[in-house]
Amino acid sequence: MSLYAEDTQKAIYLDNSRPIEERVEDALSRMTLEEKIAIIHAQSKFSSPGVARLGIPEVWCTDGPHGIRPEVLWDEWDQAKWTNDSCTAFPALTCLAATWNPEISLLYGKSIGEEARYRNKNILLGPGVNIYRTPLNGRNFEYMGEDPYLASKMVVPYVKGVQSNGVAACVKHYALNNNEVNRHTTNVILSDRALYEIYLPAFKAAVQEGKAWSIMGAYNLYKNQHCCHNEYLLNDILKSEWGFDGVVVSDWGGVHDTDQSIKNGLDLEFGSWTNGLSNGTSNAYDNYYMAFPYLQKIKSGTVDTKELDDKVRRVLRLIFRTSMNPDKPYGSFGSPEHFAAARKIGEEGIVLLKNEHDVLPLNIKQIKKIAVIGENAIKMMTVGGGSSSLKAKYEISPLEGIRNRFSKEGIEVVYARGYVGDASGEYNGVVTGQNLQDNRSEEELVAEAVKVAGHVDCVIFVGGLNKSAGQDCEDADRKQLELPYNQNRVIEALAKVNKNLVYVNISGNAVAMPWVDDVPAILQAWFLGSESGTALASVIAGDVNPSGKLPFTFPMSLNDVPAHKLNAYPGVKRMDSQIMDEEYSEGIFVGYRWYEKEKIQPLFTFGHGLSYTQFKYGKVKLSNSQMTVDGKLKISVPVSNVGNRKGAEVVQLYISDLKSSLPRPVKELKDFNKVELNPGETKEINFTIEKDMLSFFDDTRHEWVVEPGKFEVLIGSSSSDIRGRVKFELQ
């Protein structure tokens, strides 16, 4: 008879009223050595075993972070071909970051957490918070931009929202996974200052403020150790400095050594002997690095069980927080509320980059016919891109959304292809069912687009990138900053025949726009998920006033990006080795920090985003011109909507250290507040300055330092649009 059946009353781990740590220790004391080893590695592509003898359930993971992945077979990546696993596709995380709204992030996390909970998943593999270092990184669309503060503020509510459903958020990819090319063999070299100031803050916030229950190691190396078993990142920083009590999960295929896995902080091993994409060895799980090889080392006396017990404690703690949590909700899946949330996130994340002559919103009273041009107006974007690829319940294309919206006004919408990019429609066995084959020549496609554009009141070109390999996609980087598929030629031709041209950029990355002066209106529309077309059409029609702000800089050229300017990307291959050493020569000067330091004018600055109304900033007021190290300063600024539409403005606070012992950026984002205002309405926006907002990381002392001296607070609508300044002195 099993222990679970005969000893229920004595089993503390089954008593939900007892503290989790007591339950963990009780369960651990009842497990055999073999059961402990089994619980720390996979048993299938997406699950690890529990302890059936004790009634402790399995751990089931699902890919995110934009929706719940369809089921795959037990041992293979092939689709299980369920008919009830079509999910809500939420916008990509670049779109979420562009909302600059933590409340929207909470809605996102809560909604996707409900979907994961309904599907009985215990770990959602997301969100991603790797810093945007180069616009060529194929996986930037899954992350939250170039600024560590913005990413930190946006990741915390996402984590809390997911975990409110009894599902663990798994924050990834920890750390320094900033390009996809050579991702398994790149050894990152950088200063501790850059590590702590730029690349770690969002992870730290997720752990200490969001209380994340799991974190995923990255594929790359740091200090010549793979990040999935990295002593400095996992033991010294994550677990010792930050006090992380959750589970370190390996990325699929990210484990390379048994001894390092034992000693250097890995807790749960997945995907070994696969590259994360192709088939691995079926039923190879007992031979994983932390499976039979670990067991043999213990039985032979080579290692003891100290590290093993810590790993098992962490896995048990996660199980008690998730699958054995009796208070978790039931969740919901593909609900109207989730599709409404996806639409709201998309609408709020769309960024109006340019709007000369008030081309947008379209004047419905003066328009009778609209031309929509471009492959991205019809191509499904929920399929593809890597592990974030989804089987969505539905996806409304930009063309469909625009037609649905403007047909209500009696406006005709016509379509022309304009260019042919990727006609395929399948990824990991999920098939879109679209037939995008088009054998016409480039000349024929351009000629048709020009002809159509010349006989309409407005042209909406929907282009940008897609989720094919070599674009916005896992496991490869982009080859260039320029638009693919000769889109520039089409856009330039359209600009000559119709002055009312709107360019809609679908991407998770910056792109070059050599025609920017010839196109009056530009929207950054991201990958918007199931409600893509509906969200886009609502902004174009003016039903929604755009309020998104860029979470990263759009450079004029690739040579303006420090990783490329300094020849740091993608690294240098070692002799007689597959390892690539990539030195982050730019240090802390990433994104807008670099452009301002070098006085380089970008195409669009960090934090930029226009509105259909106008906002006026009043005088910035400071509570005191002096501040003590233990004190605080209050900042206030009145902001007014002086236009004729309701709108939302992101008031951004930057701080400049006017004299420092170490080089510092011209200014750094330290706070922001998104405020919604009716026409004629004024609200006072308040901020609080604390010493942590003034500090920098000193490599030699290995600590955060606050130096006395003069500082300047800058309040603006973007990093380049500063509306007010005020100085104070730290004593």
Side-chain angles (χ1 to χ4, degrees), residues 60-72 79-80 82-97 99 101 103-128 141-142 157-159 161-167 169-170 329-350 380-398 400-401 404 427-428 430-433 467 506 508 525-538:
W60 279 89
C61 305
T62 179
D63 268 319
H66 309 139
I68 308 307
R69 183 180 183 143
E71 298 297 329
V72 298
Q79 293 295 299
W82 286 17
T83 58
N84 61 348
D85 58 349
S86 296
C87 69
T88 304
F90 296 91
L93 292 190
T94 41
C95 177
L96 175 61
T99 69
N101 188 342
E103 292 182 5
I104 287 291
S105 184
L106 182 63
L107 172 66
Y108 195 128
K110 180 177 181 294
S111 301
I112 197 172
E114 287 171 349
E115 298 234 333
R117 171 65 192 94
Y118 182 86
R119 290 267 300 278
N120 286 318
K121 305 303 181 185
N122 311 118
I123 301 177
L124 175 74
L125 303 175
F141 72 98
E142 288 189 46
Y158 182 112
V159 170
V162 170
Q163 295 187 168
S164 68
N165 291 282
V167 176
C170 188
Y330 290 106
S332 54
F333 191 68
S335 67
E337 291 79 9
H338 291 168
F339 288 111
R343 176 177 175 174
K344 183 174 178 61
I345 296 161
E347 290 173 342
E348 194 158 334
I350 292 173
M380 285 184 65
M381 294 294 185
T382 55
V383 176
S387 61
S388 63
S389 180
L390 299 171
K391 184 170 76 174
K393 193 171 183 179
Y394 67 81
E395 178 181 347
I396 298 174
S397 71
E400 185 181 0
N404 290 344
Y427 191 88
N428 261 14
V430 177
V431 181
T432 65
K467 290 186 176 179
I506 306 291
W526 317 108
F527 299 109
L528 298 178
S530 288
E531 289 284 334
S532 176
T534 311
L536 177 60
S538 65

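Across all their heavy atoms, Thr94 and Gly508 have their closest contact at CG2-O, 3.7 Å. Listed here is the closest heavy atom pair of Leu124 and Ile68: CD1-CD1, 3.8 Å. Listed here is the closest heavy atom pair of Ala89 and Thr382: CB-CG2, 3.5 Å. Nearest heavy atom pair, residue Gly346 against residue Leu528, reads CA-CD2, 3.9 Å. Taking each heavy atom of Cys95 and Ile345 in turn, the nearest pair found is SG-O, 3.7 Å.
If you take NE2 on His66 and SG on Cys87, they are separated by 11.5 Å, rounding to the nearest 0.5 Å. Considering CZ of Arg343 and CZ of Phe90, their distance stands at 15.0 Å, rounded to 0.5 Å. Distance check, rounded to the nearest 0.5 Å: OG1 of Thr62 to CG of Leu125 gives 7.0 Å. Rounded to the nearest 0.5 angstrom, Ile350 CD1 and Trp526 CH2 are separated by 10.5 Å.
One N or O on the side chain of Ser530 and one on the backbone of Tyr394 form a donor-acceptor pair closer than 3.5 Å. Judged purely by atom type and a 3.5 angstrom limit, Arg119 uses its side chain to pair as donor or acceptor with the backbone of Arg69. Distance alone, capped at 3.5 Å, is enough to place a donor-acceptor pair between the Arg117 side chain and the Pro329 backbone. With hydrogens and angles ignored, the 3.5 Å screen pairs no side-chain donor or acceptor of Asp63 with any backbone N or O of Ser388.
Residues Thr88 and Glu115 have side chains that bring a donor and an acceptor to within less than 3.5 angstrom of each other.
Between Lys121 and Glu71 there is a salt bridge, with a side-chain nitrogen of the basic residue lying less than 4.0 Å from a carboxylate oxygen of the acidic one.
Residue pairs that meet the salt bridge (Lys or Arg N to Asp or Glu O under 4.0 Å) test with at least one member in residues 386-396, sequence neighbours left out, are Asp85-Lys391.
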For residues 104-114, which side-chain N or O atoms pair as donor and acceptor with protein atoms under 3.5 Å away, sequence neighbours left out?
unit_1	atom_1	unit_2	atom_2	d
Ser105	OG	Met154	O	2.5
Ser105	OG	Tyr158	N	3.3
Tyr108	OH	Pro65	O	3.4
Tyr108	OH	Pro91	O	2.5
Lys110	NZ	Glu114	OE2	2.6
Ser111	OG	Leu107	O	2.7
Glu114	OE1	His338	NE2	2.6

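Counting heavy atoms from C-beta on, the side chains of Phe141 and Lys467 come closer than 4.5 Å. Taking 4.5 Å as the limit, every side-chain heavy atom of Leu93 sits out of range of all side-chain heavy atoms of Glu142. At least one side-chain heavy atom of Gln79 sits under 4.5 Å from a side-chain heavy atom of Val430. Contact check for Ser532 versus Pro398: side-chain heavy atoms found under the 4.5 Å cut-off.
The environment of Tyr118 atom OH is sparse: at most 12 non-hydrogen atoms of other residues, nucleotides or ligands sit within 6.0 angstrom.
Here Asn165 pairs with nothing under the side chain to side chain donor-acceptor pair (under 3.5 Å) rule; sequence neighbours left out.
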